[in-house]
Amino acid sequence: MSRTRVKICGTTSAEDALLAQDAGADAIGLIFASISKRRVDVAAARRISLALDPSFGRIGVFLDASLDEVLRTAHEARLSAVQVHGEVGDAFLDVLLNFWPVLRALRPGDEIPTPRTGLSLLFDAAKPGGGVPFDWRSVPFPAGAWLAGGLSPENVCEAMTLLRPFGVDAVSSLERGPGRKDPARVRAFVEQSRRFDGERFLSS
Ligand SMILES: O=C(O)c1ccccc1NCC(=O)[C@H](O)[C@H](O)COP(=O)(O)O
């Protein structure tokens, strides 16, 4: 089993993006949802993307956005993949997958889309970015899916033991203010996630 991927979401500055990269994460999330207190505009997202190593993931996060908005933003902000929340139908996913790898965000109880090449699932709490975990035992958790929702340095090991996600993703627990990362907590989250070797936890 390969090591669990780590995404640091809600990054709003190049400084915080480089912090995530240097801490050993695999990707940042750049949030374009208008309701978010961590929203970035396209110009800022592009500057952040271009400051990073080419191999480091830049995942754009969208909530109920139109296909046109997702496609245009992903190109202009130099994203490597897109994460879609909200009402997203099969036809929407089919078109999007012609252009970008897609993380489809699901709430507990949502219908699971048909598997497709380039499509990954991310299980999140009902309120994205809310910092509150859902009941991890309440969902059938498919192999290869990502986990988000209230994850923190304190609980990520427990979540990984239970669900064995392909990747983990957090934002609220890693901030010292909206859209501003707490460096020590970002490093601690990556460190705790890396303790899992696929079978068991290595001592800290
Ligand atoms: O974080 C937000 O503000 C947000 C707003 C609207 C749509 C998505 C949003 N975040 C998406 C993420 O991928 C978060 O990392 C995920 O929901 C977990 O957040 P948290 O529970 O705060 O760790």
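Count residues from 1 along the sequence. What you are looking at is a predicted structure, and each value in this text was computed from that prediction instead of being measured.
Put simply, the side chain of Asp26 never gets that close to the backbone of Gly57: no donor and acceptor are under 3.5 Å apart. At least one donor-acceptor pair closer than 3.5 Å links the side chain of Arg185 to the backbone N or O of Ser173. When atom types are taken as modelled, the side chain of Asn155 and the backbone of Glu158 share no donor-acceptor pair closer than 3.5 angstrom. Side chain of Arg38 to backbone of Gly129: a donor-acceptor contact under 3.5 angstrom is found. Within the 3.5 Å criterion, the main-chain N or O of Ala33 finds no donor-acceptor partner in the side chain of Ser36. When atom types are taken as modelled, the side chain of Lys181 and the backbone of Gly10 share a donor-acceptor pair closer than 3.5 angstrom.
Contact detail for Gly167 and Thr4: the closest heavy-atom pair is CA-CG2, 3.8 Å. Summarising the geometry of Phe32 relative to Ala45, their closest heavy-atom pair is CZ-CB, 3.6 Å, with the distance given to 0.1 Å. What you find for Asp135 and Ser138 is that their closest heavy atoms are O-OG, 2.6 Å. Taking each heavy atom of Asp64 and Gly86 in turn, the nearest pair found is OD1-CA, 3.2 Å. Minimum heavy-atom separation, Phe141 to Leu163: CD2-O, 3.6 Å. Heavy-atom minimum distance, Cys9 versus Val61: SG-CG2, 3.9 Å.
Rounded to the nearest 0.5 angstrom, Arg46 CZ and Leu79 CG are separated by 11.0 Å. Residue Lys7 holds its NZ atom at 10.0 Å from CZ of Phe189, rounded to the nearest 0.5 Å. Separating the OG1 atom in Thr12 from the CZ atom in Arg39 is a distance of 12.0 Å, to the nearest 0.5 Å. Note that CZ of Phe166 and CG of Leu147 are 13.5 Å apart. Values are rounded to the nearest 0.5 Å. Between atom CD of residue Glu69 and atom CZ of residue Phe62 there is a gap of 6.5 Å, rounded to the nearest 0.5 Å. Atom CD1 in Ile8 sits 10.5 Å away from atom CG in Asp16 (nearest 0.5 Å).
Between Leu174 and Asp182, the closest side-chain pair of non-hydrogen atoms is not below 4.5 Å. Put simply, the side chain of Ser120 does not reach to within 4.5 Å of the side chain of Arg104, judged on heavy atoms. At a threshold of 4.5 Å between non-hydrogen side-chain atoms, the residues Arg5 and Trp146 count as touching. Side-chain atoms of Ile112 and Pro142, non-hydrogen and from C-beta on, do get closer than 4.5 Å to each other. Annotation: side chain of Ser49 is in contact with side chain of Leu30 (closest heavy-atom distance under 4.5 Å). Between Leu151 and Pro133, the closest side-chain pair of non-hydrogen atoms is not below 4.5 Å. Cys157 places a side-chain heavy atom less than 4.5 Å from the side chain of Arg195. Counting only heavy atoms from C-beta outward, the side chains of Phe123 and Leu121 approach each other to under 4.5 Å.
Ser55 and Asp53 share a donor-acceptor pair across their side chains, judged by distance under 3.5 Å alone. Under the 3.5 Å distance criterion, with hydrogens and angles disregarded, no donor-acceptor pair is assigned to the side chains of Ser13 and Glu15. Checked by atom type, the side-chain pair Arg58/Thr11 shows no donor-acceptor distance below 3.5 Å.
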Could you give me the CA-CA distance, side-chain angles and deciding distance for Asp169 and Val6, then say whether side-chain contact (heavy atoms from CB on, under 4.5 Å) is met? CA-CA 6 Å; Asp169 169 27; Val6 180; over 6 Å; no

Given the rule in the salt bridge (charged side-chain N to carboxylate O under 4.0 Å, His left out) test, do Arg187 and Asp22 qualify, once you have shown the distances and angles that lead to the verdict? CA-CA 9 Å; Arg187 286 193 203 98; Asp22 293 345; over 6 Å; no

Step by step, would you call Leu106 with Leu122 a side-chain contact (heavy atoms from CB on, under 4.5 Å)? CA-CA 6 Å; Leu106 298 170; Leu122 176 138; over 6 Å; no

Dump the intermediate steps for side-chain contact (heavy atoms from CB on, under 4.5 Å) on Val82 and Ile59, then the final yes or no. CA-CA 5 Å; Val82 299; Ile59 303 183; 5.9 Å; no

Going through the distances and angles, do Thr114 and Leu93 end up as a side-chain contact (heavy atoms from CB on, under 4.5 Å)? CA-CA 10 Å; Thr114 316; Leu93 284 179; over 6 Å; no

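The same ILVMFWY cluster, assembled from side-chain heavy atoms under 4.5 Å apart, contains both Phe56 and Trp100. At a threshold of 4.5 Å between side-chain heavy atoms, the hydrophobic network of Ile, Leu, Val, Met, Phe, Trp and Tyr places Ile48 and Val70 in one connected group. Hydrophobic clustering, with ILVMFWY side chains joined whenever heavy atoms are under 4.5 angstrom apart, groups Leu71 together with Leu119. Residues Leu19 and Val168 are members of one and the same hydrophobic cluster, defined by side-chain heavy-atom contacts under 4.5 angstrom among Ile, Leu, Val, Met, Phe, Trp and Tyr. Taken together through direct or relayed side-chain contacts under 4.5 Å among Ile, Leu, Val, Met, Phe, Trp and Tyr, Leu18 and Val186 form parts of separate hydrophobic clusters.
Applying the 6.0 Å contact sphere to CZ of Arg137 captures no more than 12 heavy atoms from other residues, nucleotides or ligands.
Remark: Asp124 pairs with no residue by the side-chain hydrogen bond (donor to acceptor under 3.5 Å, both in side chains) rule, at least two apart or across chains.
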